[in-house]
Amino acid sequence: MRPMVFNSIVAGIIATSIFTLVAMVTPLVGFPKMLPPEMLSMMMGLPLAVGWFMHFMIGIVFALAYTFFLFKLLKKIGNSLMRGIIFGLIAFAFGQLMIAFMGMVFPMPPVQGSMALVMIGSILGHMVFGITVVLLIKVPVREKTNA
């Protein structure tokens with residue numbers, strides 16, 4: 001397996017784990033409970049284990065997308081923290097689009113609590129995910145040679 005693919009997979013697993021921990025802790029500070037694996041399994045009528053598998057696969061796919069596509073777009077942002085925040089916001093926006101499309105096919109689970117707090121919590125979780133991915137993945141930059 002190519003090193004960047006392996007690094008991206010590992011970064012996706014770690015970043016998704018941290019994202020999930022944030023989602024588990026935020027209800028302790030007043031945010032509504034929201035766990036993506038539960039939401040995925042409820043929407044699709046599948047076992048919770050499948051929701052967890054899908055959640056981690058989505059995180060891995062996002063990390064791979066950062067490495068092989070988005071890094072080139074975001075590399076102009078020199079600050080890794082800012083790059084991670086922007087990547088997290090891109091992941092959030094894409095995730096919202098996918099949830100909207102899935103909502104057309106599958107029944108949406110009811111929102112528990114304030115929708116505004118759910119969105120803020122989700123944005124925060126995705127930014128933490130993006131920062132983690134950016135900090136863990138070091139994409140080699142090819143330098144131009146004068147040959």
Return the minimal non-hydrogen interatomic distance between Ser122 and Phe19, and the atom names on each side.
-> O-CE1, 4.5 Å

Mind checking whether Met82 and Ile90 sit in one hydrophobic cluster, side chains of I, L, V, M, F, W, Y counted as touching below 4.5 Å?
-> yes

Are Met54 and Val61 grouped together when hydrophobic residues (ILVMFWY) are joined by side-chain heavy atoms under 4.5 angstrom apart?
-> no

Any pair with a residue in residues 26-52 that passes ring-ring contact (aromatic ring centres under 6.0 Å, His included), sequence neighbours left out, goes on the list, sorted by first then second residue, please.
-> none

What's the shortest heavy-atom distance between Leu46 and Val50, and which atoms?
-> CD1-CG1, 3.8 Å

Shared ILVMFWY cluster between Met42 and Ile58, side chains joined below 4.5 angstrom?
-> no

So which heavy atom on Val133 is nearest to which on Ala11, and how close?
-> CG2-O, 4.4 Å

Going from CE on Met108 to CE on Met102, what distance comes out if it is rounded to the nearest 0.5 angstrom?
-> 8.0 Å

In terms of hydrophobic clustering (I, L, V, M, F, W, Y; side-chain heavy atoms under 4.5 Å; direct or indirect links), are Val29 and Leu124 co-clustered?
-> yes

Does any pair with a residue in residues 26-46 pass salt bridge (charged side-chain N to carboxylate O under 4.0 Å, His left out), and if so which ones, sequence neighbours excluded?
-> Lys33-Glu38

What distance separates Phe69 CZ from Leu64 CG, expressed to the nearest 0.5 Å?
-> 9.0 Å

Please name the pair of heavy atoms, one in Thr67 and one in Ser8, separated by the smallest distance, quoted to 0.1 Å.
-> OG1-OG, 2.6 Å

Option from Phe71, Tyr66, Phe94, Phe92 for which ring pair (Phe, Tyr, Trp, His ring centres under 6.0 Å) with Phe87 holds = Tyr66

Search all heavy atoms of Met119 against all heavy atoms of Gln96 and return the closest pair with its distance.
-> CE-OE1, 3.6 Å

Are Met57 and Ile13 connected in a single hydrophobic cluster, I mean Ile/Leu/Val/Met/Phe/Trp/Tyr linked by side-chain heavy atoms less than 4.5 Å apart?
-> yes

Residues Thr16 and His55: side-chain donor-acceptor under 3.5 angstrom | no

Could you grab the distance from atom CG of Asn7 to atom CG of Leu136, nearest 0.5 Å is fine?
-> 9.5 Å

d(Leu48 CG, Phe53 CZ) to nearest 0.5 Å is 14.0 Å

Which atom names give the shortest non-hydrogen contact between Ile99 and Met39, and what distance separates them?
-> CD1-CE, 3.3 Å

When rounded to the nearest 0.5 Å, the distance separating CD1 of Ile137 from OG1 of Thr132 is 10.5 Å

Roughly how far, to the nearest 0.5 Å, is the CD1 atom of Ile85 from the CG atom of Asn79?
-> 8.0 Å

Give the intermediate values and the outcome of side-chain contact (heavy atoms from CB on, under 4.5 Å) for residues Leu73 and Leu70.
-> CA-CA 5 Å; Leu73 177 70; Leu70 292 172; 4.2 Å; yes

State, with a plain yes or no, whether a side-chain heavy atom of Met24 is found less than 4.5 Å away from one of Leu35.
-> yes

